[in-house]
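Worksheet: the structure to be examined is printed underneath.
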Amino acid sequence: MNAKLTNSVATAVMWLVGFMILGILIFFLGYILYRGLPVLSFDFMFGKPSDIQAGGGVGPQLFNSFYLLFLSLAISIPLAIGAGIYLAEYARETRLTKIVRLSTESLATVPSIVLGLFGMIIFVNFLGFGFSIISGALTLVLLNLPVLVRVTEESIRTVPKAYGEASLALGATKLQTIWKVILPSALPGIITGITLTAGRALGETAILIFTAGTTVSRYQADTNFFAAGETLAVHMWYLMSTGLVPDRVTIADGIGALLIITILCFNLLFMIPLKILQKRMGVVKHL
């Protein structure tokens with residue numbers, strides 16, 4: 001078999017594998033949306049849940065999902081970006097730096113249920129926060145940080161060194177170079193990491209079952225950090241495991257579709273402003 005034929009066969013196999021993965025994804029998402037979209041309505045998305053009677057909504061769970069995500073990202077993103085910048089731009093290749101990187105990678109591989117149990121021991125019991133929104137958010141930070149730190153560091157390392165050297169040669173300080181040259185160039189990779197982390201946090205259950213709980217506040221949109229913090233994913237798990245409502249399967253279908261739509265909207269929410277910002281800063285020429 002000559003090299004040209006081998007290349008053609010390999011290319012065809014790669015295209016076939018790609019289409020197979022795409023087909024599986026389309027089938028998976030299409031089936032969930034087919035079952036869940038007819039359930040979605042204003043009353044369902046913003047109404048109060050019911051423990052016994054049919055027809056309940058998921059309003060408090062929807063609010064808690066966004067609130068927990070916002071709190072966890074508000075803590076995770078500054079810490080992760082700062083740590084990533086330090087590891088990529090300031091830290092020397094010492095034994096301590098290698099241990100920090102190894103610890104970060106090891107923490108990223110810890111099963112979420114283990115993090116949930118850790119959060120329950122530390123935040124729920126030891127610190128006395130109880131099953132609350134703040135306990136869930138702080139535990140989600142432990143889930144988010146390793147991924148965001150590694151993504152930030154690798155995104156900064158992919159920026160050509162000539163960019164920073166040119167900035168320094170023009171008289172800019174190290175901090176100005178990082179803030180105005182390196183970070184804007186690394187922003188696409190960082191935003192991608194944030195988007196993936198946000199989607200993972202929205203669908204997380206094991207961590208939040210042990211920290212945020214499986215109940216909601218009696219108020220529709222309770223911003224109290226110590227209020228119960230059941231999310232959409234946890235509510236779906238609760239319905240299909242111990243729920244007593246007769247239409248629990250229908251509600252679960254609606255929650256599945258709502259989660260998918262929410263994650264897609266998050267992707268657009270992050271990516272569109274990113275493209276606009278890059279265009280204004282001259283990083284890209286076209287949207």
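It should be emphasised that the depicted structure is a prediction, and the values quoted were computed from it without experimental measurement.
With hydrogens and angles ignored, the 3.5 Å screen pairs no side-chain donor or acceptor of Asp222 with any backbone N or O of Ser217.
Grouping Ile, Leu, Val, Met, Phe, Trp and Tyr residues whose side-chain heavy atoms lie under 4.5 Å apart, directly or via other members, leaves Ile24 alone, with no other cluster members. Grouped by direct or indirect side-chain proximity (heavy atoms under 4.5 Å, Ile/Leu/Val/Met/Phe/Trp/Tyr only), Leu16 sits with Met20. Val249 belongs to a hydrophobic cluster whose remaining members, ordered by chain and number, are Met240; membership requires side-chain heavy atoms of ILVMFWY residues under 4.5 Å apart, directly or through intermediates.
For the side chain to side chain donor-acceptor pair (under 3.5 Å) condition, the pairs that include at least one residue of residues 100-114, sequence neighbours left out, are Glu93-Arg101, Arg101-Glu153, Glu105-Arg150, Ser112-Glu204. Sorted by first and then second residue, the side chain to side chain donor-acceptor pair (under 3.5 Å) pairs with a member in residues 252-265 read Arg35-Asp253; sequence neighbours excluded. Applying the side chain to side chain donor-acceptor pair (under 3.5 Å) test to residues at least two apart or on different chains, the pairs with a partner in residues 158-172 are Ser167-Thr177. Pairs passing the side chain to side chain donor-acceptor pair (under 3.5 Å) check and including a residue from residues 134-147, sequence neighbours excluded, read Ser132-Ser135.
Scanning all heavy atoms of the two residues, the minimum distance from Val159 to Ile182 falls at CG2-O, 3.8 Å. Smallest separation of non-hydrogen atoms from Val234 and Gly213: CG1-O, 3.8 Å. Taking both residues in full, the closest heavy atoms of Trp179 and Pro184 are given as O-CD, 3.4 Å, listed atom of the first, atom of the second, then distance. When all heavy atoms of Val149 and Ala83 are compared, the pair lying nearest together is CG2-CB, 4.0 Å.
Scanning for side-chain contact (heavy atoms from CB on, under 4.5 Å) contacts around Leu269 gives an empty result, with sequence neighbours left out. Under the rule for a side-chain contact (heavy atoms from CB on, under 4.5 Å), the partners of Ile261 that lie at least two apart in sequence or sit in another chain are Leu33, Leu37, Leu40, Cys265. Checked against side-chain contact (heavy atoms from CB on, under 4.5 Å), Phe118 has the following partners two or more places apart in sequence or in another chain: Ile122, Leu142. In this structure Glu89 satisfies the salt bridge (charged side-chain N to carboxylate O under 4.0 Å, His left out) test together with Lys174, sequence neighbours excluded. In this structure Thr94 satisfies the side chain to side chain donor-acceptor pair (under 3.5 Å) test together with Thr97, sequence neighbours excluded.
Ring pair Tyr31/Phe27 is parallel by interplanar angle, where below 30° counts as parallel and above 60° as perpendicular.
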